[in-house]
Amino acid sequence: MYENFYGFKSKPFQLNPDPKFFFGSAKHTQALSYLQYGLEQGEGFIVITGPIGTGKTMLAQSLLHRIKDSSIEAIQIVTSKLSPDDLLRAIVRKFKMPVENRSKASLLQAIEQHLLALNSQGKRALLLVDEAQNLPAETVEELRMLSNFQRNNKPLLQSFLLGQEELKPIIQSQGMEQFRQRIIASCHLQPLTTEEISQYIKHRLELVSEKPLQIFHDDCYEYIKQKTLGIPRKINLFVDRVLLYGFLNNKRFLIREDLEAVSEEFAEELSTSQPAAENNTVPTEAPDHSKNNHKTKSLGKDARLTDKRILKSLKKIADYLQESIDHKMSISRDLDKLIEQKVALATEREPQPRQETIKKAIDPVTERAVIEYAISHPDDGQYKASDALRDEGVFISGSAVRSIWLKHNLENYSKRVKALENKVNEEEIVLNEEQLSILEKHMDDNGKRLGL
């Protein structure tokens, strides 16, 4: 949507992992080196762990992309809670062999025969198991048993496990000693530092740009760190939205205030889903050292599962918001063209360039209506305000609403609430329930305004 505005060849911050965008932070480079080392060894297990969104799947895709050795047949499995038999069926299916109505013994025989056939051709098999934290302990043990397939004392199958932090206690549990002894390397991915975030964003922009670009001010990266915690997937989601904001507001260079505006828009748009998120969140309690470790681990696991559900919900919301924005932009462009034609007919001149026409089309009456609506409804974002004003007969696009807000220092929620409070203090106006509720949120018990 914004690619042409910035001169991009493609979208730089998509959520789907694309090996061409791989960024080698210190930990990611170390992890990829371990994977390549494991390939050279041709035996044992490599284990890569890390929090949600830190790039484990990107690592797997990058490794597969870099494998140019035709002697390696690589297959990748993204697991759910697979039983040992289900795992065997998934492997057989990846090897493009039939799985219907086959017993476990038949599945194991089919895998061994395929591995031996590869070996006879001078080849070997590589299995990448993504989201491995979902595997039950008995399924991880089945993986170890598969590593026993050998010829001439050389393993026929090598496995790499990539998973979240929950994979660690599975491997460290009792009964996993033999598996642990076969791990030749392991690595835990970490979120990006502020400096790495700067390099990460510039790296992705360079890959899609014909010439060097400076889109973000230097102080933006620390703010991005605060909002995303250095998680690459969250960085992609946030920066993608910031670039969209720059396009909608005709800004090719973005500063921290622009990022703050986007963050506030996110908060406004997600406010309707906040109660549900709060209901799903595990409550925080003061530490009680009398509780046993088992209960503490269970609580931690529940919290992590809740985080996964919230992230999945946020992804769905982000997709919906993108579709909504595309639709609104299409309507806005159509309305702007109608305004241009109306002005051209009124002045009996040819239609002027879009930006000049919009400036002339915003008359004082419309501008005043936008200001009054912003003060009366500080909760509403620019597109909701645009829709509401059109219902009242005031036709103005969301981007034009934003321009008027910026002109009158009303561009964010806090400033609009303050303007409403000033109007209450200066004029005798009757507030509705929504306005009273908004002001009460920012008053202490003595009726004094709290800092916004």
Hydrogens and angles aside, do [X] and [Y] bring a side-chain donor and acceptor to less than 3.5 Å of each other?
| X | Y | answer |
| --- | --- | --- |
| Arg182 | Ser147 | yes |
| Glu40 | Gln36 | no |
| Glu165 | Thr49 | no |

I'd like to check [X] versus [Y] (side-chain heavy atoms, cut-off strictly below 4.5 Å). Are they in contact?
| X | Y | result |
| --- | --- | --- |
| Leu254 | His217 | no |
| Leu189 | Leu59 | yes |
| Lys202 | Phe216 | no |
| Leu259 | Ile224 | yes |
| Leu161 | Ile46 | no |
| His114 | Glu73 | yes |
| Phe395 | Leu389 | no |
| Gln164 | Glu131 | yes |

>> For a side-chain contact (heavy atoms from CB on, under 4.5 Å) check, start with the C-alpha distance between Arg151 and Leu156, then their side-chain angles and the critical distance, and finish with the verdict.
In response: CA-CA 7 Å; Arg151 172 178 279 182; Leu156 301 176; 4.0 Å; yes
How many angstroms lie between [atom1] in [X] and [atom2] in [Y], if you round to the nearest 0.5 Å?
| X | Y | atom1 | atom2 | value |
| --- | --- | --- | --- | --- |
| Leu128 | Leu35 | CG | CG | 7.5 Å |
| Tyr245 | Ser263 | OH | OG | 12.0 Å |
| Gln190 | Glu196 | CD | CD | 10.0 Å |
| Leu410 | Arg402 | CG | CZ | 10.5 Å |
| Cys220 | Asp258 | SG | CG | 7.5 Å |
| Arg416 | Glu411 | CZ | CD | 8.5 Å |

Whether [X] side chain and [Y] backbone form a donor-acceptor pair below 3.5 Å:
| X | Y | result |
| --- | --- | --- |
| Gln41 | Gly38 | no |
| Ser173 | Ile170 | yes |
| Asn236 | Gln14 | yes |
| Asn412 | Lys415 | yes |
| Ser198 | Thr194 | no |
| Thr139 | Leu135 | no |
| Arg144 | Gln178 | no |
| Ser209 | Leu205 | yes |
| Asn152 | Lys154 | no |
| Lys56 | Gly50 | yes |

>> Using ring-ring contact (aromatic ring centres under 6.0 Å, His included), reason through Phe247 and Tyr6 one step at a time and then give a plain yes or no.
In response: CA-CA 8 Å; Phe247 162 65; Tyr6 293 104; 7.8 Å; no
Check [X] against [Y] and note the closest heavy-atom contact, atom names and distance.
| X | Y | value |
| --- | --- | --- |
| His28 | Thr54 | NE2-O, 2.5 Å |
| Lys234 | Thr228 | CD-O, 3.5 Å |
| Trp405 | Gly381 | CH2-C, 3.6 Å |
| Gln158 | Gly42 | OE1-CA, 3.5 Å |
| Leu107 | Arg89 | CD1-CG, 3.6 Å |
| Pro12 | Val208 | CB-CG2, 3.7 Å |

>> Go through it in stages, so that I can follow the logic: the residues are Glu142 and Lys104, the test is side-chain contact (heavy atoms from CB on, under 4.5 Å), and I'd like the CA-CA distance, side-chain angles, deciding distance and then a yes or no.
In response: CA-CA 11 Å; Glu142 190 70 45; Lys104 181 175 181 179; 3.1 Å; yes
>> A cation-pi test, strictly: NZ or CZ of Arg252 under 6.0 Å from the centre of the six-membered ring of Phe5 and no more than 45 degrees from its axis. Yes or no?
In response: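 So Arg252 does make the cation-pi contact.
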> side-chain contact (heavy atoms from CB on, under 4.5 Å) between Ile184 and Tyr34: does it pass, once the steps are laid out?
Replying inline: CA-CA 9 Å; Ile184 61 174; Tyr34 281 157; over 6 Å; no
>> One pair to check against side-chain hydrogen bond (donor to acceptor under 3.5 Å, both in side chains): Gln199 and Glu195. What are the steps and the verdict?
In response: CA-CA 6 Å; Gln199 296 170 0; Glu195 178 60 28; 3.2 Å; yes
>> Lys225 vs Glu222, test: salt bridge (Lys or Arg N to Asp or Glu O under 4.0 Å). Steps then yes/no.
In response: CA-CA 5 Å; Lys225 168 71 172 178; Glu222 178 58 37; over 6 Å; no
>> Between Lys384 and Asp379, does any side-chain N to carboxylate O distance fall below 4.0 Å?
In response: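 No salt bridge links Lys384 with Asp379.
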>> Please confirm whether the ring centroid of Phe45 lies under 6.0 Å from the ring centroid of Phe160.
In response: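 Here the rings of Phe160 and Phe45 have centres that are no less than 6.0 Å from each other.
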> More than 12 heavy atoms of other residues, nucleotides or ligands under 6.0 Å from CE of Met145: is that the case?
Replying inline: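 Not more than 12 within 6.0 Å, no.
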> Got more than 12 heavy atoms from elsewhere within 6.0 Å of CG, Asn148?
Replying inline: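 Above 12, so yes.
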> Hey, what's the ring geometry for Tyr200 with Phe13, parallel, tilted or perpendicular (30° and 60° as the breaks)?
Replying inline: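 Geometry flag for Phe13 against Tyr200: tilted rings.
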>> Could you go through Glu210 and Lys9, starting from their C-alpha distance and side-chain angles, then the distance that decides it, and tell me whether this counts as side-chain contact (heavy atoms from CB on, under 4.5 Å)?
In response: CA-CA 8 Å; Glu210 297 287 350; Lys9 294 178 289 185; 3.2 Å; yes
